Structures are given as structure tokens and as C-alpha cells.
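In what follows, every heavy atom counts, from backbone to side chain, and hydrogens, waters and symmetry copies are set aside. This structure is a prediction, so every number in the text was calculated from the model and none was measured.
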Amino acid sequence: DNFRPGTLERRGLNVAALLADRRELLWCTITGFGPMSSRPGYDFVVQAESGWMSITGEPEGNPMKVGVALADVVAGRDATISILAGLASRGRGRTPEERRTFVSLAASAVAALVNVAQNALVSGQNAARWGNAHANLVPYQLFHAADRPIVIAVGSDGQWKSCARVLGLDALAADERLATNAGRIANRETIVTAMGERVGSRPAAHWLAALARAGVPAGVVRTVPEALGDVDASPVTGVAPNAPGTVRLPPPKLDEHGALVRQYGWEAFEHLTLKPA
């Protein structure tokens, strides 16, 4: 459920009593800001308060939300993991309290800061906005080819030399100051400026092919329809699952099964509801 505190109880559902009565029952509650908070859980607000927006966007621009309601998605996956863990532990004598889990959008979002959080914890410094660049790797950002933007993600010293040579930047490839990532971070502007001018001289397809041959990670910035063109996707059932399985039925139309839900849902509700402990 994702109700605020007290909602289930006002409707006669005593979750603690249900868990005590049924030893195989698991119950997961998704909240916005924790089990004791009555604040509504909205992705946009969570993105703001979790630190996400402060690190997203151009360095001189406004804080920016992620283009997908990602706090909702991350919390949903955390809830799924919680439920699957509960299923895996069935039969091990877990107490009712151990079979009741709470997942909050806020906690999941803060945990998802991963390396950004670790940088702040280790350095004691506030995290900055880097736009399409990377705080700890150079070059690792967006560049504009002659026809469309691409990203180049150099993750090792060997990849850097290959990248510089592919781009025809032999002087930079031979510069010992840039041989390590620490040196490249110190000379970020020099590298980015030279790469930007060179990448802009040819179409994206040319650079992607050349970088791929050299083993340098790179990709074109695609539109959503372009990305969907590579997967099994339907306007009715959405993107097909990655794991084995299929979507067997289309989503119901508005109130298509309303009568059944109201009839059998109420019967199930009456059957499950227990008197308060």
C-alpha cells in the first residue's frame, strides 16, 4: 500500500493483527518521507529534497529535475526487492514486525546518490553541478558533432590515449601531464576545448565508428522513439520485460472490471478485516 499513516486503520484494516494472524503474510508500505510522516509523496518534491536537483543541470543554470519520475521508479524497485527478500525468507520464523517493511521515496532517492554522496562524505564538500561532464573523470561528457550531439566516456588511461589519437590530437596523447586521470582533471578545459573543436568537424557517425574501432566508449544522443526502436515495445503493453516473461493481457479499459472488483474486493475486505488487537 502507499497510504499515509492512519488511512488503513480508518478503513478497518489492522495490519499488525493481519500479520500476527497469518504467518506467511508480507506487507510492504511505500511512503513519501518515512512511516511516521504524513507528507504526500510526490516525485518532484523528493527530487528537490534528496539533493538530486542540486547536482542536475548546467553549472550556471537552475537546479533541474530528472526527465523521468525516477524517484518513484527507484522506490518501486526497492519495494520489489524488499518483497522478494521477504518471499525468500518465508518459513524462517520471522516475526510480524520483520514481515512488515517500509520503503520511502526520500530514503531510496538519497541512497541512489551513490558516488556523489561518497564524494561529499569523503571530502566534506558540497557536490557541484557538472551538466553533461563528470566530476571525477575527464573526458567524460557530451560533445557536439557536425550533425548531432554525442557522448564520449573515457574510463581509463589507455582509453584516453586511444581517444586522443582517433581524434587526431596526437600532441595531447603524447603529453605526459595528461597520462593519468588526475592530470586530465587538472587540465580539463584544455582537453575539452580541443576535443570540442575536433568533434565538431565531422558527423557523429564518423566519430562513433572510429571510436568503436579503438575501443573507446561513446554513443549518440538519441530521441525516445529512436531508443524504443531497439526494443520490443507496444503502445498497449509498454516496453517488454527484460527478464524472461511476457505481458499476457492488455490493460483494462476504464471500469471494465469495476463490478467484479467492487463485488469480490469487498468480500475479500470483509474476510480479511480483524477487530483491533
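To the nearest 0.5 Å, the span separating NZ on Lys161 from CG on Asp175 amounts to 8.5 Å. To the nearest 0.5 Å, atoms OG1 (Thr7) and CG (Asn2) are separated by 9.5 Å. How far CZ of Phe143 is from CD1 of Ile150: 8.0 Å, rounded to the nearest 0.5 Å. Interatomic distance, Thr193 OG1 to Asn187 CG, rounded to the nearest 0.5 Å: 11.0 Å. With values rounded to the nearest 0.5 angstrom, Ile191 atom CD1 is found 9.5 Å from Leu169 atom CG. Remark: Asp1 CG to Thr29 OG1 distance equals 3.5 Å, nearest 0.5 Å.
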Please assess Leu167 against Met195 for the test side chain to side chain contact (heavy atoms under 4.5 Å, CB included), listing each intermediate value before the final yes or no.
-> CA-CA 7 Å; Leu167 296 176; Met195 287 182 63; 3.7 Å; yes
How far apart are the C-alpha atoms of Thr31 and Arg4, what are their side-chain angles, what is the distance that settles it, and do they pass the side chain to side chain donor-acceptor pair (under 3.5 Å) test?
-> CA-CA 7 Å; Thr31 73; Arg4 284 188 277 178; over 6 Å; no
Evaluation steps, side chain to side chain contact (heavy atoms under 4.5 Å, CB included), between Arg11 and Leu13 | CA-CA 6 Å; Arg11 284 158 174 76; Leu13 275 175; 5.7 Å; no
Step by step, would you call Asn14 with Glu9 a side chain to side chain contact (heavy atoms under 4.5 Å, CB included)?
-> CA-CA 6 Å; Asn14 186 327; Glu9 290 76 7; over 6 Å; no
Given the rule in the side chain to side chain contact (heavy atoms under 4.5 Å, CB included) test, do Glu58 and Trp130 qualify, once you have shown the distances and angles that lead to the verdict?
-> CA-CA 6 Å; Glu58 293 299 328; Trp130 287 94; over 6 Å; no
Arg262 and Asp255: CA distance, side-chain angles, deciding distance, salt bridge (Lys or Arg N to Asp or Glu O under 4.0 Å) verdict = CA-CA 10 Å; Arg262 285 185 286 274; Asp255 204 37; 3.3 Å; yes
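A search for ring pair (Phe, Tyr, Trp, His ring centres under 6.0 Å) contacts involving Tyr140 returns His134, not counting sequence neighbours. By the side chain to side chain donor-acceptor pair (under 3.5 Å) test, Ser82 pairs with Thr101, sequence neighbours left out.
Minimum interatomic distance between Gly32 and Ser104 (heavy atoms only, all atoms of both residues): O-CB, 3.9 Å. Taking every heavy atom of both residues into account, Val68 and Gln47 meet most closely at O-NE2, 3.4 Å. Scanning both residues, Pro96 and Ala20, for their nearest heavy atoms gives CG-CA, 3.9 Å. Contact between Val220 and Pro149 at its shortest, heavy atoms only, is CG2-O, 3.6 Å.
Not a single donor-acceptor pair under 3.5 Å links the side chain of Ser37 to the backbone N or O of Gly34. When atom types are taken as modelled, the side chain of Ser201 and the backbone of Arg198 share a donor-acceptor pair closer than 3.5 angstrom. Judged by distance alone, with hydrogens and angles left aside, the side-chain atoms of Ser108 form no donor-acceptor pair with the main-chain N or O of Leu105 at under 3.5 Å. No donor-acceptor distance shorter than 3.5 angstrom exists from the side chain of Thr237 to the backbone of Ala233, with no hydrogens or angles considered. Without hydrogens or angle criteria, Trp207 side chain to Val199 main chain gives a donor-acceptor distance under 3.5 Å. Of the possible donor and acceptor atoms, one in the side chain of Trp52 sits under 3.5 Å from a partner among the backbone N and O of Ala109. The backbone N or O of Gly61 lies less than 3.5 Å from a partner atom in the side chain of Arg129, making a donor-acceptor pair. Using a distance-only test at 3.5 Å, with no hydrogens or angles considered, no donor-acceptor pair links the side chain of Glu256 to the main chain of Pro252. Looking at Ser50, its side chain does come within 3.5 Å of a backbone N or O of Val46 through a donor-acceptor pair. Within the 3.5 Å criterion, the main-chain N or O of Gly183 finds no donor-acceptor partner in the side chain of Arg177.
Hydrophobic clustering (ILVMFWY, side-chain heavy atoms < 4.5 Å, transitive): Ile55 and Met64 are in distinct clusters. Cluster annotation: Ile30 is connected to Phe33 through the hydrophobic network of ILVMFWY side chains, with a link wherever side-chain heavy atoms come within less than 4.5 Å. Cluster membership check: Leu113 shares its hydrophobic cluster with Val66, using side-chain heavy-atom separations under 4.5 Å among Ile, Leu, Val, Met, Phe, Trp and Tyr. Val116 and Ile185 are not part of a single hydrophobic cluster, where members link through side-chain heavy atoms under 4.5 Å apart. The cluster map of Ile, Leu, Val, Met, Phe, Trp and Tyr, joined by side-chain heavy atoms under 4.5 Å apart, puts Val216 and Leu208 in the same cluster.
Within a 6.0 Å radius of CZ in Arg148, other residues, nucleotides and ligands contribute more than 12 heavy atoms. Atom CD of Glu60 has 12 or fewer neighbouring heavy atoms from other residues, nucleotides or ligands inside a 6.0 Å radius. By the 6.0 Å contact criterion, CZ on Arg188 is enclosed, its count of non-hydrogen atoms from other residues, nucleotides or ligands being greater than 12. The local environment of CZ in Arg90 is crowded, with over 12 non-hydrogen atoms from other residues, nucleotides or ligands closer than 6.0 Å. In Glu226, the CD atom is crowded: over 12 heavy atoms of neighbouring residues, nucleotides or ligands sit closer than 6.0 Å.
Ion pairing between Glu49 and Arg39 holds under the 4.0 Å rule for side-chain N and carboxylate O. Classification of Arg202 and Asp147 as a salt-bridged pair fails, no side-chain N sitting under 4.0 Å from a carboxylate O. A salt bridge between Asp43 and Lys65 is absent, with no side-chain N of the basic residue lying under 4.0 Å from a carboxylate O of the acidic one.
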Indicate every side-chain donor-acceptor pair of residues 119-126 with a distance under 3.5 Å to a residue at least two apart or in another chain.
| unit_1 | atom_1 | unit_2 | atom_2 | d |
| --- | --- | --- | --- | --- |
| Asn119 | ND2 | Asn136 | OD1 | 2.9 |
| Ser123 | OG | Asn119 | O | 2.7 |
| Ser123 | OG | Gln125 | N | 3.0 |

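Using a 4.5 Å heavy-atom cutoff, the side chains of Val239 and Leu228 are in contact. In this structure, Val15 and Arg100 have side chains that are in contact, with non-hydrogen atoms separated by less than 4.5 Å. Side-chain contact between Pro217 and Val154: absent, with no pair of heavy atoms (C-beta onward) separated by less than 4.5 Å.
Of the residues Asn181, Leu172, Val138, the one that meets the side chain to side chain contact (heavy atoms under 4.5 Å, CB included) test with Trp160 is Leu172. Between Ser89 and the options Glu98, Arg99, Arg94, a side chain to side chain contact (heavy atoms under 4.5 Å, CB included) holds for only Arg94.
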